[in-house]
Student: 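Got a structure here, written out as structure tokens. Questions coming.
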Amino acid sequence: MGFTTPCFIRKNTETLRKKLEEVGYLNDSPEWTNNCSIIWAYQYPMKGFDTPVYVIADSFDVPFDKHSALCGKFIDCGTNEELFLSIAALRDDSNYMQWFITDSILSVSYDDSIGNDHYFTEPKGIMFFWDENWNHATIISGRYHKATVDELIEHFKIKEE
């Protein structure tokens, strides 16, 4: 399906918009909204939004009518950019650019760009960010899971601006 968790942030910068596009969202707002103060990020295939989009607005009205399944289900990220981007990146068809938590000691191996094999361990209970390096890693042993919305909120809550 794709992105799983609609959210919004009470902030709008060009940097945030670029980061959403790097994750896979498309801008679905007219250019005149670029100075508005809220970014809504969502994908909703049941209503025809197969492509993940973000909308820029000055309103806290959910961008769906009151009969929509998404009405009221957007996660409010306040002004916390890291929280917003981590929740907006949640998807069910990829691990890329998402946060994970180790459930046990994780033993990992990967080859660098010149073919050297590297080995490291991650302790139980830490969060790690799945980037391009993790795409080429081999998990030798251990368990991990994708961070939930509640875990992301807890992790990033102290970083509120």
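Just so it is clear, the values below take in all heavy atoms, side chains as well, and ignore hydrogens, waters and symmetry mates. One-based numbering along the sequence shown.
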Student: Looking at the rings of Phe100 and Trp134, which for Trp means the six-membered one, are their centres under 6.0 Å apart?
Tutor: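 No, they do not, as the ring centres are separated by 6.0 Å or more.
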
Student: Going by an N to O cut-off under 4.0 Å, is there a salt bridge joining Lys157 and Glu154?
Tutor: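 Result for this pair is yes, salt bridge flagged.
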
Student: Would you please name every residue forming a side-chain hydrogen bond (donor to acceptor under 3.5 Å, both in side chains) with Lys146, sequence neighbours left out?
Tutor: Gln98

Student: Name all residues meeting the side-chain hydrogen bond (donor to acceptor under 3.5 Å, both in side chains) criterion together with Trp99; count only those two or more places apart in sequence or in a different chain, and write none if there are none.
Tutor: none

Student: Please identify each residue that fulfils ring-ring contact (aromatic ring centres under 6.0 Å, His included) with Tyr25, with sequence neighbours left out.
Tutor: Phe3

Student: Hey, what else clusters with Ile140 if you join Ile, Leu, Val, Met, Phe, Trp, Tyr whenever side-chain heavy atoms sit under 4.5 Å?
Tutor: Tyr119

Student: Quick one: list whatever passes side-chain contact (heavy atoms from CB on, under 4.5 Å) with Ala57, sequence neighbours left out.
Tutor: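 For Ala57, the residues satisfying side-chain contact (heavy atoms from CB on, under 4.5 Å) (neighbours in sequence not counted) are Trp40.
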
Student: Checking Asn135 now: which residues fulfil side-chain hydrogen bond (donor to acceptor under 3.5 Å, both in side chains) with it, not counting sequence neighbours?
Tutor: Trp130

Student: Quick one: list whatever passes side-chain contact (heavy atoms from CB on, under 4.5 Å) with Thr15, sequence neighbours left out.
Tutor: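 Testing Thr15 for side-chain contact (heavy atoms from CB on, under 4.5 Å), a comparison that skips the adjacent residues, returns Thr13, Lys19.
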
Student: Does the distance from a Lys or Arg side-chain N to an Asp or Glu carboxylate O, for Lys18 and Glu14, drop under 4.0 Å?
Tutor: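 Looking at Lys18 and Glu14, the cut-off is met.
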
Student: Does atom CD1 of Ile139 have more than 12 heavy-atom neighbours, drawn from other residues, nucleotides or ligands, at distances under 6.0 Å?
Tutor: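 Yes, enclosed.
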
Student: If the condition is side-chain contact (heavy atoms from CB on, under 4.5 Å), which residues does Glu151 pass it with, not counting sequence neighbours?
Tutor: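 Testing Glu151 for side-chain contact (heavy atoms from CB on, under 4.5 Å), a comparison that skips the adjacent residues, returns Ile101, His145, Ala147, Thr148.
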
Student: Sequence neighbours left out, what passes salt bridge (Lys or Arg N to Asp or Glu O under 4.0 Å) with Glu132? Give chain and number order.
Tutor: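 In terms of salt bridge (Lys or Arg N to Asp or Glu O under 4.0 Å), with neighbours along the sequence ignored, Glu132 is linked to no residue.
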
Student: Can you name the residues that form a side-chain contact (heavy atoms from CB on, under 4.5 Å) with Pro123, not counting sequence neighbours?
Tutor: Ile126

Student: Only counting residues at least two apart or in another chain, list the ones meeting side-chain hydrogen bond (donor to acceptor under 3.5 Å, both in side chains) with Ser109.
Tutor: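 Partners of Ser109 by the side-chain hydrogen bond (donor to acceptor under 3.5 Å, both in side chains) criterion, ordered by chain and then number, come out as Asp117.
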
